**Q** 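Here you go, one structure.
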Amino acid sequence: MSTAWGKAGRFTAKALGIKLQDKDPYDEVTRGESIVSNHTTSTFVEEPPHTVEFLREVIPSGRQLGDYALSLFPFTSWIGHYNLQWLLGDLVAGITIGAIVIPQGMAYAQLANLEPQFGLYSSFMGVLVYWFFATSKDITIGPVAVLSSLTGDIVANVMAELPNVPGHAIASALSILAGAVVLFIGLIRCGWIVDIISLTSLSAFMTGSALNIAVGQLPTLMGIKGFSTRDPAYLVFIHTLQGLPRTKLDAAMGLTALFMLYGIRSLCNYIAKRWPQHQRVAFFLSTLRTVFVILLYTMISWLANKDLPRGTSKFKILFDVPRGFRNAAVPVLDKTLASKLAGSLPATVIVLLIEHIAIAKSFGRINNYTIDPSQEMVAIGVTNMLGPFLGAYAATGSFSRTAVKSKAGVRTPFAGVITAIVVLLAIYALPAVFYYIPNAALAAVIIHAVGDLITPPNTVYQFWLVSPLENGIYCTVCLSFAVLLFRILKAQGRFLGRVKVHSVLGDHVIGDDPRKPVDGGYGTFAGSGSSDAPYRNIFLPLTHADGSNPEIELDNPYPGIFIYRFSEGFNYPNASHTLEYMVRYIHQNTRRTTLSHFDGPGDRPWNDPGPSKRKLKAATRAGIDSNEVGVNLHLPTLKAIILDFSSVNNIDITSVQQLIDVRNQLDRYASPDVVDWHVACISNRWTKRALVSAGFGYPSTLPDGQIRRWKSIFSVAEIGGEQSAAATAEQEVNEKEFGPTLSSRGRAAQQHQRGSSMDIESGSNTDDAEAAGNLKATASGSERIPAAAAAAARSRFGGGRTVAVHGINRPLFHVDLTSALQSAIANVEARAEFTAATKSSIKGMEHLATPTPTSQSQENFQGGNTSDGSVTTNSKPTPGASLPPYDMVDPQKEGLSSP
């Protein structure tokens, strides 16, 4: 059958004038004169990939389809382990969020040009539906300021064209359309699309939106009328200043409420810092400040307006708020309304996504769990498609409420159900109280809430340090760029393994025969004096995904050390995807340095409910600790990561920030140890600057402010020696002028010199190397090499001057992977020796502290008795009691500055 298809293909190609490529255009490489003899070595010819292989990778299997269906309902992985302790944590967090979302929902509904009850409807549906599809325990879906402001603008514009359609119907239709788009993106698992939004663009958008919302609420805060608050922010601000003489009593309510909100927060922050034992009490008081202020000013409003006729007031209040779901119905969505909303749909979808996904990822890293962006889109989509049936408008994740929920001790996404019950009680039981809520107080709540969305100047300054010229959102303009974007977004780096290789010419190994120096002095071999002279280390992907021979067995660099190569650069579009793969692989191939310990099932986190009861019982019978069930104790702990930047030219703020987050995440994973981060093959000075500003390139500072003394390995080059390019050129001239005799003598001298010299990668693994090239890297630079050590170094390198290839003030930046691996292994082993020596020294000190006879003590301390009969202890310590040289450096005592 394949032959028939092949003939048909060739016939079709011939008919269309297509010139087919030969079946094996490189067949000559299989001949014996091109490679090592076929009698001694099996050959390998790489086959080109085929379309069938691509389709096999793309088309899901039956098992993958089953996993996909199960992944749509993540709650099934933890709901079976739900317990009373989790419920208590969810109760506290759920009630707290319910108390916050009620006033915020009504305030944000006014931003959307809707009545207050629609904010309550959106709050109810958001928290009720989300937990079914959630991959984050912290996120709270509901009305938010930026999306409500955008919805208000869209409602106002559409109502001007379709005056017969009520505003809530327009908002519901917009929610359904946007939810459908987001749901589709989530179902096809394209959540990675949000990675095209850079961190700077998101910060700029949120800051601009927050300023626009705050300025738009100033007229309501001051009770000023006579102009539209939907005008550009600068016009609203100017009109507000012009209208200050028309200020009403609303200003007294709004300004004092705003002052009280900031005052309570500042006071609670001071209490938490001044009295840490009351930190949790201060947190809950600060969290409930919005509820307290709204209740206080509602009572003041009731006292001021209770004797007035219904429908009148001394300042603007909410008046009647309907009880229950009065607007529950099938949403109105026809062709005319959909066409009017189509132009605003992209902006709505973007706002729905970027804030929610950014918040979810951030809190996932903080609380040590991973969110699925695609599944989060499913949750957002379903929420916004079902909400309009109860009268809700568009909702997404809220940053302020999510932060409060996380600090309140939420345990699972089920806390959303508790919040939904609280909101439901408010919808049916509190409308009479809502009547007296002042509009100015709600405006103060909005201004106070959006103030946290403004990017502070210090953050902008840090952005400038990393990338001064970065700006904007890169967008696709044509199909070719879309393909390129897809490839970049889905880029996945590769972990490398080490293998020794040699070069061959015919049937002999290059460099093995000193009579055939084919490298001419410019090769990478040290000469025949060393047993490994003809060999060199190369690093290949462990999966052989680059097409290398799969029969080659690659060696792991070192237990707990990983080499990771970026494949398509390292920028904000692909930073999240490639780093998530790196972290996932490391977690699969290592174990925690300190195993997690949980006293009971209720102490476990919701995203790691632990082994089943059957496995726990089996472990108990076998005498195995329950915390070790499912943990492979034979796996190494994480020690160092080497990043290969050979394909990375520039990095941006988003990628650096995500690299920092991953570093912190893996430090917690390897705690109490600290992971060493080495970077090799950096080709851009701006990239080095960005990495240095993020804390890479030098050893980490310990929590107590000390710096661990580092065994630095640097790459050095020779200038003006016998092995330099100038010496080689001079030798060629002498050969032409004086004949081959002098040339052969010169070669013999060079071979002898090479055989007695060390490798160009100078380090601190030997005593001689320590005298020549072990520069002690510190935060302020390195110590100068003594004259004797410099002379010894010159003798090793043919009498020439040796210089470092890269700056010695960044000992963790390396010229290639070999030097990076040497440095990583040297310091991991040195740290292990230091730990072992420290333990033995402590034991020795404890032994010295044991009471001994007076005469023996005098011999040990060599001090004699003082006039009062006590023994002096200020003489030489006993041998064996001192710490090894790999010790801790105090920056203040050593005169060093912090990096």
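All of these numbers come straight from a predicted model, not from anything done at the bench.
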**Q** Go through the structure and list residues passing ring-ring contact (aromatic ring centres under 6.0 Å, His included) with Y669, not counting sequence neighbours.
**A**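 Result, ring-ring contact (aromatic ring centres under 6.0 Å, His included) vs Y669: H587.
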
**Q** What is the minimum heavy-atom distance between V656 and A694, and which atoms define it?
**A**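 Residues V656 and A694, closest heavy atoms: CG1-CB, 3.5 Å.
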
**Q** Tell me every residue that passes ring-ring contact (aromatic ring centres under 6.0 Å, His included) with F539, counting only those two or more places apart in sequence or in another chain.
**A**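 F539 satisfies ring-ring contact (aromatic ring centres under 6.0 Å, His included) with no other residue.
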
**Q** Compare all side-chain heavy atoms of V679 with those of K688 and state whether any distance is below 4.5 angstrom.
**A**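 The answer is no; the side chains never approach within 4.5 Å.
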
**Q** Is it true that Q658 and T654 share a donor-acceptor pair across their side chains at a distance under 3.5 Å?
**A**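 Looking only at side-chain atoms, Q658 and T654 do not form any donor-acceptor pair under 3.5 Å.
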
**Q** State which residues pass salt bridge (charged side-chain N to carboxylate O under 4.0 Å, His left out) with R565; sequence neighbours excluded, sorted by chain then number.
**A**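 Counting only residues at least two positions away or on another chain, R565 forms a salt bridge (charged side-chain N to carboxylate O under 4.0 Å, His left out) with D644.
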
**Q** In terms of the angle between their ring planes, are Y581 and F495 parallel, tilted or perpendicular, with boundaries placed at 30° and 60°?
**A**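 Judged by the thresholds at 30° and 60°, the geometry between Y581 and F495 is tilted.
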
**Q** Would the number of heavy atoms belonging to other residues, nucleotides or ligands and lying under 6.0 Å from CD of Q588 be above 12?
**A**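 Yes.
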
**Q** Run the side chain to side chain contact (heavy atoms under 4.5 Å, CB included) check on H544 and N549 step by step: do they pass?
**A** CA-CA 7 Å; H544 294 282; N549 194 338; 5.8 Å; no

**Q** Hey, are the side chains of I561 and P559 touching, using non-hydrogen atoms and a 4.5 Å cut-off?
**A**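 No, too far: nothing below the 4.5 Å cut-off.
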
**Q** Is any side-chain heavy atom of P541 closer than 4.5 Å to a side-chain heavy atom of L496?
**A**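 When only atoms from C-beta onward are counted, L496 and P541 do touch, with a gap below 4.5 Å.
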
**Q** Any donor and acceptor pair, going by atom type alone, linking the side chain of D652 with main-chain N or O of Y572 inside 3.5 Å?
**A**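 Flag set: sc D652 to bb Y572 pair under 3.5 Å.
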
**Q** What residues, two or more places apart in sequence or in another chain, satisfy salt bridge (charged side-chain N to carboxylate O under 4.0 Å, His left out) together with D661?
**A**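 Partners of D661 under the salt bridge (charged side-chain N to carboxylate O under 4.0 Å, His left out) test: R365.
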
**Q** Quick check: do V675 and R663 have side-chain heavy atoms less than 4.5 Å from each other?
**A**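 Result no, sub-4.5 Å side-chain heavy-atom pair not found.
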
**Q** Begin with the C-alpha distance, continue with both residues' side-chain angles, and end with the deciding distance and a verdict on side-chain hydrogen bond (donor to acceptor under 3.5 Å, both in side chains) for E580 and S576.
**A** CA-CA 6 Å; E580 286 176 358; S576 177; 3.2 Å; yes

**Q** How far apart are the closest heavy atoms of A820 and A680, and which atoms are they?
**A**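 Scanning both residues completely, I find the closest heavy atoms to be CB-CB, 4.1 Å.
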
**Q** As an exercise, state the distance from CG of L579 to CG of L659, rounded to the nearest 0.5 Å.
**A**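 The CG atom of L579 sits 6.0 Å away from the CG atom of L659.
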
**Q** Can you name the closest pair of heavy atoms from N574 and G569 and give their distance?
**A**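 So the two residues come closest at ND2-O, 3.3 Å.
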
**Q** Of all residues at least two apart in sequence or in a different chain, which pass the ring-ring contact (aromatic ring centres under 6.0 Å, His included) check with F813?
**A**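 If we apply the ring-ring contact (aromatic ring centres under 6.0 Å, His included) test to F813, skipping adjacent residues, there are no hits.
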
**Q** What verdict does the side chain to side chain contact (heavy atoms under 4.5 Å, CB included) test give for F570 and L643, after you've listed the backbone C-alpha separation in whole Å, the side-chain angles of each residue and the deciding distance to 0.1 Å?
**A** CA-CA 11 Å; F570 183 56; L643 299 179; over 6 Å; no

**Q** When you compare the side chain of T687 with that of N649, does any pair of heavy atoms fall below 4.5 Å?
**A**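 A side-chain contact under 4.5 Å is absent here.
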
**Q** Check whether any side-chain N or O of S819 sits under 3.5 Å from a backbone N or O of D816 as a donor-acceptor pair, and report yes or no.
**A**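 Yes; judged by distance alone, with no hydrogens or angles, the pair exists.
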
**Q** Whether D673 and R831 form a salt bridge (side-chain N of Lys/Arg under 4.0 Å from carboxylate O of Asp/Glu) is what I want to check.
**A**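 No, this pair does not count.
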
**Q** With a 4.5 Å limit on heavy-atom distance, are the side chains of I59 and Q64 in contact?
**A**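 Not in contact.
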
**Q** For the atom pair CD1 (I586) and OH (Y564), what is the distance rounded to the nearest 0.5 Å?
**A**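 Reported to 0.5 Å precision, the distance equals 9.0 Å.
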
**Q** For V499 and N537, what are the C-alpha separation, side-chain angles and deciding distance, and is it a side chain to side chain contact (heavy atoms under 4.5 Å, CB included)?
**A** CA-CA 6 Å; V499 62; N537 288 325; over 6 Å; no

**Q** Do T637 and T590 have side chains that get closer than 4.5 Å, going by heavy atoms?
**A**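 In short, these two side chains do not touch, never coming nearer than 4.5 Å.
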
**Q** To check you understand the geometry: which heavy-atom pair defines the closest contact between I371 and P373, and what is its length?
**A**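 Nearest heavy atoms, I371 then P373: O-CD, 3.4 Å.
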
**Q** Looking only at heavy atoms, which two atoms of G191 and S374 are closest? And how far apart?
**A**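 Answer, listing the atom of G191 first, then S374: N-OG, 2.8 Å.
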
**Q** In Å and rounded to the nearest 0.5 Å, what is the CD1 to NE2 distance from I641 to H678?
**A**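 It is 10.0 Å, given to the nearest 0.5 Å.
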
**Q** For the backbone of A830 and the side chain of N827, can you confirm whether one donor and one acceptor N or O come within less than 3.5 Å of each other?
**A**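 Looks like no, no N/O pair under 3.5 Å.
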
**Q** Measure the CZ-OG distance between F566 and S647 for me, rounded to the nearest 0.5 Å.
**A**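 Here the rounded value is 8.0 Å.
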
**Q** Enter the distance from I653:CD1 to N571:CG here, rounded to the nearest 0.5 Å.
**A**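 Reported to 0.5 Å precision, the distance equals 11.5 Å.
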
**Q** Any side-chain heavy atom of Y585 sitting closer than 4.5 Å to one from N589?
**A**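 A side-chain contact under 4.5 Å exists here.
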
**Q** Please name the pair of heavy atoms, one in P557 and one in I825, separated by the smallest distance, quoted to 0.1 Å.
**A**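 Closest heavy-atom pair between P557 and I825: O-CD1, 4.0 Å.
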
**Q** Both conditions, 6.0 Å and 45 degrees, for the charged tip of R498 above the ring of Y558: are they met here?
**A**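 No, R498 does not lie over the aromatic ring of Y558.
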
**Q** I need the S671 OG to L666 CG distance, nearest 0.5 Å.
**A**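 One gets 12.0 Å once the value is rounded to the nearest 0.5 Å.
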
**Q** Just to verify, what does K361 make a salt bridge (charged side-chain N to carboxylate O under 4.0 Å, His left out) with, not counting sequence neighbours?
**A**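 With neighbours one apart ignored, the set is D195.
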
**Q** Set out, in order, the CA-CA distance, both residues' side-chain angles and the distance that settles side chain to side chain contact (heavy atoms under 4.5 Å, CB included) for R189 and D372, then state yes or no.
**A** CA-CA 9 Å; R189 289 304 191 246; D372 183 356; 4.1 Å; yes

